[in-house]
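For reference, the structure discussed in these notes is given below.
Count residues from 1 along the sequence.
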Amino acid sequence: MTTDHLTHDRPTGPVRHAASKVPEVTVYFWIIKVLTTGMGETASDFLAHWLGPIPAVGLGAVALVAALAVQFAARRYVAWIYWTAIVMVSVFGTMAADVLHVGLGVPYTLSTPFFMAALAVVFALWHRSERTLSIHSIHTRRRESFYWAAVLATFALGTAAGDLTATIGLGYLGSAVLYAAAIAVPAVAHRRGGLNAVTAFWAAYVVTRPLGASVADWMAVSHDRGGLNLVPRQATFAR
């Protein structure tokens, strides 16, 4: 999906660029987004192995708050600031989902609908307050707060959903194939079926998380679990 396919109610011309706090939605946006999800997955597991789960979560939370503070302080979209915040959301979102499962024993069959409900609440409050969920209208502090709350919820939801499909029989490679196909559905529905552009964007955005995470896990897990064993895990957030 390109920018033209996802524009909905954004301002046009120089005004949009001057007020924007998020990047243009191009093919590069989607590529970087998927890469950051994989990076968040591996970084979360690395930190858990290096520091232990509890210190890793604490460090992830501090880094996330710092990254978002810098993002909110910026007056316009700055690539390295925005994508640093996205990476830290990816890392902490992974940890949040894993802590529920590993630390508290909540099964993915419960955490996945929980995060889905949390995302629905964020969207409902956002739309009730601002009358739009378009990312091309992120030019006030309140809208930016809703945006990042939604982003964090999508990462937690995607992590739980990816692990759910991987552990119910599909495996990590099967999950990656499933989500690679699923991410094309909103684009096709928007182009051919008249699906609302904003709905199509957020549907695809949610799927990028389990897609990137499933690929990262497939590359890391052992051969007996169907992976490539490229990054052997020891004391990580075990799944």
Can you name the nearest heavy-atom pair linking G60 to M88, along with the distance?
O-CE, 4.2 Å
hydrophobic_cluster_shared for V70 and V91, side chain cutoff 4.5 Å:
no
If you group Ile, Leu, Val, Met, Phe, Trp and Tyr by side-chain heavy-atom gaps below 4.5 Å, do V89 and I81 land in one group?
no
Side chains of V151 and I86 in contact at under 4.5 Å (non-hydrogen atoms):
yes
Between Y147 and I135, the two heavy atoms sitting closest are CE1-CG2, 3.9 Å
R209 and S90: side chain donor to acceptor below 3.5 Å
yes
How far does CZ of F201 sit from CG of L133, to the nearest 0.5 angstrom?
11.0 Å
Under a single-linkage definition using a 4.5 Å side-chain heavy-atom cutoff for Ile, Leu, Val, Met, Phe, Trp and Tyr, are V206 and L125 assigned to the same hydrophobic cluster?
yes
Just by distance, do the side chain of T208 and the backbone of Y205 share a donor-acceptor pair under 3.5 Å?
yes
May I ask you to decide if S214's main-chain N or O and S175's side chain share a donor-acceptor pair within less than 3.5 Å?
no
Please determine whether residues M95 and F114 belong to a single hydrophobic cluster, defined as Ile, Leu, Val, Met, Phe, Trp and Tyr linked transitively by side-chain heavy-atom distances below 4.5 Å.
yes
Heavy-atom pair of closest approach, residues A160 and S111
CB-OG, 3.7 Å
In this structure, CG of L228 is separated from NE2 of H223 (nearest 0.5 Å) by 7.5 Å
Closest non-hydrogen atoms of H139 and R143, given as atom of the first, atom of the second and distance, are NE2-NH1, 3.7 Å
F115 side, atom CZ; L152 side, atom CG - distance, nearest 0.5 Å:
8.5 Å
Which value, rounded to the nearest 0.5 Å, describes the distance between N196 atom CG and W202 atom CH2?
13.0 Å
Could you pull out the closest heavy-atom pair between L119 and A150, with the gap in Å?
CD1-O, 3.6 Å
All heavy atoms of S137 vs all of T132, minimum pair found to be OG-CG2, 3.7 Å
Is the distance between the ring centroids of W83 and F29 under 6.0 Å?
yes
To the nearest 0.5 angstrom, please state how far the CH2 atom of W148 sits from the NZ atom of K21.
9.0 Å
Examine distances only and state if a side-chain atom of T165 and a backbone atom of G162 form a donor-acceptor pair shorter than 3.5 Å.
yes
Can you measure from CG (L64) to OG1 (T84) and round to the nearest 0.5 angstrom?
12.0 Å
Do V215 and E41 have side chains that get closer than 4.5 Å, going by heavy atoms?
no
F155 six-ring face occupied by K33 cation (under 6.0 Å, within 45°)
yes
Same apolar cluster: I183 and L170, side chain cutoff 4.5 Å:
yes
